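We name chains A, B, ... by the order of the sequence lines, and we start the count at 1 in each one. As the structure is a prediction and not an experimental result, all values here were calculated from the model.
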Protein chains: 2
Amino acid sequence: MPSGKKQPISVAAVAVDIAVLTIKDGQLNVLLIKANNSPFPEKWVIPGGLVKPNESIGDAVKRHLLAKTGLKNVYSEQLYTFGKVDRDPRGRVVSVAHFVLIPYGAFEPKTSEAYADIQWFPILKIPKLGYDHNEITETAFERLKAKLEYTNIVYSLMPKEFTLGDLQKTYEIILGKNLDKRNFRKKILQTKLLKKISKKTLGEAHRPAQLYSFAKRSPQFIEVI
Amino acid sequence: MPSGKKQPISVAAVAVDIAVLTIKDGQLNVLLIKANNSPFPEKWVIPGGLVKPNESIGDAVKRHLLAKTGLKNVYSEQLYTFGKVDRDPRGRVVSVAHFVLIPYGAFEPKTSEAYADIQWFPILKIPKLGYDHNEITETAFERLKAKLEYTNIVYSLMPKEFTLGDLQKTYEIILGKNLDKRNFRKKILQTKLLKKISKKTLGEAHRPAQLYSFAKRSPQFIEVI
DNA sequence: CCAAAAGTGTTGCGGTTACACCCATGT
DNA sequence: ACATGGGTGTAACCGCAACACTTTTGG
């Protein structure tokens, strides 16, 4: 029995926190905000907030993401649930962390009246964050690296049209290592995840490149790299 | 801002639910209980309960597991957090599901006064459970299968001493397929996870087998099968 | 002597890795 | 002309899969 004494049942509350990731300037970036009503007004944090009694966890992620950033219709995945007793100074809050992936160039953060500041930070150079958000972003980064190798998740980081060079660069940035161009192309084309577009790049100081897009923009498990 | 109106903040509460798994009678089994104080007194469920304001999620898992089953010092891992609005008829409860692995033969459930019934069920033949516990056990099964192939997690399902035949059988039961004996032995001995015991099996109607134990009983990431 | 599981190597195949040159465009 | 990234094939190597017989015990 949870409690011997008859006392009001007191329990932990639920929040969501969201590591929003994208590729920018040749690096993986995380979206950080400074919220005025935060217990850490001077520290950067990732977007998030409480889950209401009448909404699912996924809905809470959508709501807070939209409210804090304006983003919607993005790839989102549950990451891990963080539950240290003292992780929130205001009280006992358990956070279901998520990560969200944004195609590069698809979103430029704008400060609003409610949220003092909002900005992309290269994931390798993020400052000390509020709560346990450094741990959450680190976990998100690890998960992304792992999933890149056995799923087609990369589609959610790419724009509609891209070259094989762009795609390879995305892999190289996240995995932190160089890949062989010919082997990469062989492997990625084998998967049949891509389809050629009847267009090529123009206006760049080198040979035009074939453009591709993803055949299916939905999660699949496949040996990719 | 979460709420425009100034009203008491109402949020979801946090619980843990635990899929306890073991090998028994050549099958993977889950531990199910019937609790008298459950909203589903006639249905089997997996052990679990609320998280207190002053305990971490891991501590809540330990507490509920000990209270409901007597088990302690077991392998435990966070699985996924389930947060459908109506998953608990008593109110809004988000459950951080875990799975726990028990060496085979190490635990025989005993009914206590508080918990009407407690029993192992083959995972392929579990009945319709209370809450969303069928989904949780299914998720646990999938996770176990996946981790078996790229970690040394199997150690937590094995007794201290075992034969290579025993170990292979464990893999075969969980993965649901037969493995080649010679290839299995080569692969598993390559990993250096095992050490020979200076003992052999006795009293069985066949050639005695070399006994092994795990060199390290801690989680590692290694290509196993 | 029979049944049952333990124990043991080699070969072929397939996939991964390593590697270098020409092409098309803009400046 | 030159700089820049695009685009292409092959050979060596290594890891994985397939495969069968002998050994040791208990009954």
request  = Between A:P208 and B:Y212, just flag the one whose closest nucleotide in DNA chain C comes earlier from the 5' side.
outcome  = B:Y212

message = If the cut-off is 4.0 Å, is B:R185 near the phosphate of C:dT8, judged by side-chain N/O to OP1 or OP2?
response = no

ask   = Given atom NZ of A:K186 and atom C1' of D:dA11, what is their separation to the nearest angstrom?
value = 10 Å

A:K147 atom NZ, over 12 foreign heavy atoms within 6.0 Å = yes

query = Do the numbers put A:K145 on top of the ring of A:F141, so that NZ or CZ is under 6.0 Å from the six-membered ring centre and no more than 45° off the axis?
reply = yes

Length of the line joining B:D166:CG and C:dG7:C1', which is rounded to integer Å = 15 Å

inquiry  = I need the CG-C1' distance between A:N183 and C:dG15, as an integer number of Å.
reply    = 11 Å

ask   = Starting at CG of B:N178 and ending at P of C:dA5, how long is that distance when rounded to a whole Å?
value = 13 Å

note = A:L202 atom CG is separated from D:dT4 atom P, nearest whole Å, by 20 Å

ask   = Counting heavy atoms not belonging to A:K84, are there more than 12 under 6.0 Å from its NZ?
value = no

message = On DNA chain D, does the nearest nucleotide to A:H206 precede the nearest nucleotide to B:D180 from the 5' side, or the other way round? Give the residue.
response = A:H206

note = In whole angstroms, the gap separating P of C:dA6 from CG of B:L167 amounts to 12 Å

ask   = Please give, in whole Å, the distance from D:dT4 P to A:K181 NZ?
value = 14 Å

note = Between CD of B:E172 and P of C:dA5 the distance, given in whole Å, is 12 Å

query = Ring centres of B:F162 and B:F214 under 6.0 Å apart?
reply = yes

remark   = Result for 5'-nearest mapping on DNA chain D, choosing between A:R207 and A:L189, is A:R207

C:dG9 OP1/OP2 closer than 4.0 Å to side-chain N/O of B:R182 = no

